[in-house]
Amino acid sequence: MAGRVAVVVVVLLTAIAIWQTRGTGPDLSRVAVVRSPEGIMGTTCTLVAVVPRGREAHAQRGLDAAEQALREVDALMSTYLESSEISAVNRAAADELVSVSEELASVLVYSRDVWRASDGAFDATCRPMIELWRRAGREGSLPADAEMDAARESSSWKDFELLDNGVRKAKDTARLDLGGVAKGFGIDRAFEAIRAAGCDGVLVDVGGDVRVDGVDARGEAWKITVRNPFGPKPLAAFGLAAGSVCTSGDYERFVEIDGVRHSHIIDPRTGRPAGSVPSVTVVATDAMTADAWATALGVLGAEGLDRLPTGVEALLVEGDERSCRMITNREMERRLGEFGKPPCSE
Ligand code: ADP
Ligand code: MG
């Protein structure tokens, strides 16, 4: 009896193997375990762990850890939460030593590095300017030049001392905003948590910024589609075996004053919202790099392409609905290949 069962099992397995190698049916050996937790960084979130069938419990544990990692990063780095470490730094008086977690300390050091590398375009100390423009949006009137100058002068990296055990400010008014980088850091943490659970494929998507590795449930590379800020047709689509794609755009988040849209990205050099770059997409190995540089290029435009770290790819849309153009660096050009550059108004 046992022998017959074994024979039947072998025949069945052989049949499945033949069926799969002939490619006549879907690959059923893997399963995607998907979760969409709510309340993550004020946006949508999708976590996917692709595992061999039967290992769903491992996947669930990975997703638990990923969800927890994202909530922890939010709790440390969100300026929307009074209880966060970043809010404690922002409230602190001059010369007070504020102790911070290793996570926050590492994001601050990284942010200061990108500030230098981007020639000041990516500036996590620009919180007073962000608050000024958000208030202007709520009140519906442009800030006065004197207010812009004051906001610009009230906070800069020279007013922050990053120490091993904490942060010290030189001025009461110096304040930080990690809105351009914390999401990327959180995505990386979540990604590592899922990968540590032993998966064939991982996808972390927070508000359209993603990091992937391995394969999807069909055993294929993850498909990435880049949204067109001006039309329904995607700007680009490509397969990605491993890496991160982050987009920064002013078509979704902006401040409107007298019918004019102002970007939520501030040009720290002028104290005014950045102009002319409706959408920037950056591909990098990790999400913190892609996130920070997408914001930096939102300020610098195509001129910033030369400043990108080696191997980082970028696709920018400049102009407006009537007249826009797509600009890519060489690395991105190679990735897009035949897909080429469709007119962005299509
Ligand atoms: P999102 O992906 O949420 O749209 P981005 O990655 O585009 O965000 O970053 C925009 C956010 O970064 C702003 O909402 C603000 O919190 C912060 N920010 C704005 N201007 C700058 C800047 N020049 N440098 C660093 N951070 C900035
Ligand atoms: Mg960003």
Side-chain angles (χ1 to χ4, degrees), residues 40-45 70 73-74 77-81 84 86-87 90 107-108 110-137 148 151-152 155-157 160 174-188 204-211 226-227 229 244-255 261-284 286-301 304 307-308 312 314 316-317:
I40 303 282
M41 301 182 171
T43 186
T44 53
C45 176
L70 284 164
V73 171
D74 215 8
M77 302 182 197
S78 169
T79 44
Y80 292 95
L81 302 171
S84 68
I86 201 80
S87 293
N90 286 347
V107 173
L108 293 181
Y110 180 75
S111 297
R112 194 177 54 184
D113 289 348
V114 180
W115 169 72
R116 289 201 187 103
S118 68
D119 201 17
F122 182 84
D123 188 350
T125 72
C126 68
R127 179 76 190 167
M129 292 184 260
I130 289 165
E131 285 176 7
L132 179 68
W133 281 94
R134 285 202 188 141
R135 201 180 63 226
M148 286 187 251
R152 198 145 57 103
S155 180
S156 76
W157 276 113
F160 287 89
R175 292 200 299 285
L176 299 163
D177 185 300
L178 298 176
V181 67
K183 200 201 289 171
F185 178 78
I187 290 172
D188 287 334
V204 176
D205 176 335
V206 182
D209 290 344
V210 300
R211 182 164 175 186
V226 181
R227 216 171 114 183
S244 172
V245 185
C246 291
T247 295
S248 208
D250 62 9
Y251 51 93
E252 255 178 357
R253 294 182 56 206
F254 51 84
V255 163
R261 282 183 179 195
H262 298 275
S263 172
H264 69 306
I265 296 174
I266 299 288
D267 185 338
R269 302 165 300 185
T270 63
R272 287 170 170 75
S276 78
V277 193
S279 154
V280 183
T281 299
V282 173
V283 180
D286 64 281
M288 183 155 73
T289 302
D291 189 10
W293 280 98
T295 307
L297 291 181
V299 174
L300 294 169
R307 296 190 165 272
L308 281 174
V312 174
L316 286 84
V317 176

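All ligand and atom numbering here is 1-based and tracks the order in the structure.
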By the definition side chain to side chain contact (heavy atoms under 4.5 Å, CB included), identify the one residue from V312, D291, T295 that meets it with V282.
V312
Please confirm whether R134 comes under 4.0 Å of ligand 1, counting heavy atoms of the residue only.
yes
Checking R127 now: which residues fulfil salt bridge (charged side-chain N to carboxylate O under 4.0 Å, His left out) with it, not counting sequence neighbours?
E131, D177
Classify the contact between I130 and ligand 1 as side chain, backbone, both or neither, using a heavy-atom distance cut-off of under 4.0 Å.
side chain
Please state which part of I265 comes within less than 4.0 Å of ligand 1, counting heavy atoms only: side chain, backbone, both or neither.
both
Would you check whether C126 has a nitrogen or oxygen atom less than 3.5 angstrom from a nitrogen or oxygen atom of ligand 1?
no
May I have the step-by-step check of side chain to side chain contact (heavy atoms under 4.5 Å, CB included) for L178 and S111, ending in yes or no?
CA-CA 8 Å; L178 298 176; S111 297; 3.9 Å; yes
Suppose I only count heavy atoms of D291 and a 4.0 Å limit; which atoms of ligand 1 are within that range?
6 (O)
For D177, counting its heavy atoms only, list the atoms of ligand 1 lying under 4.0 Å from any of them.
15 (C), 16 (O), 17 (C)
Regarding ligand 1, does I266 bring an N or O atom to under 3.5 Å of one of the ligand's N or O atoms?
yes
A student comparing V280, D123, D209 should find that the heavy atom closest to atom 24 (N) of ligand 1 comes from D123
Starting from the Mg ion (ligand 2), count all protein N, O or S atoms within a radius below 2.8 Å.
4
State which residues pass salt bridge (charged side-chain N to carboxylate O under 4.0 Å, His left out) with R112; sequence neighbours excluded, sorted by chain then number.
none
Contact with ligand 1 for A121, non-hydrogen, under 4.0 angstrom:
yes
Looking only at protein heavy atoms, which one is nearest to atom 3 (O) of ligand 1, and how far off is it?
R253 NH1, 2.5 Å
For the 3.5 Å polar cut-off, considering only N or O atoms, please tell me whether G180 and ligand 1 meet it.
yes
Kindly write out the residues that satisfy salt bridge (charged side-chain N to carboxylate O under 4.0 Å, His left out) with D74, not counting sequence neighbours, or none if the list is empty.
none
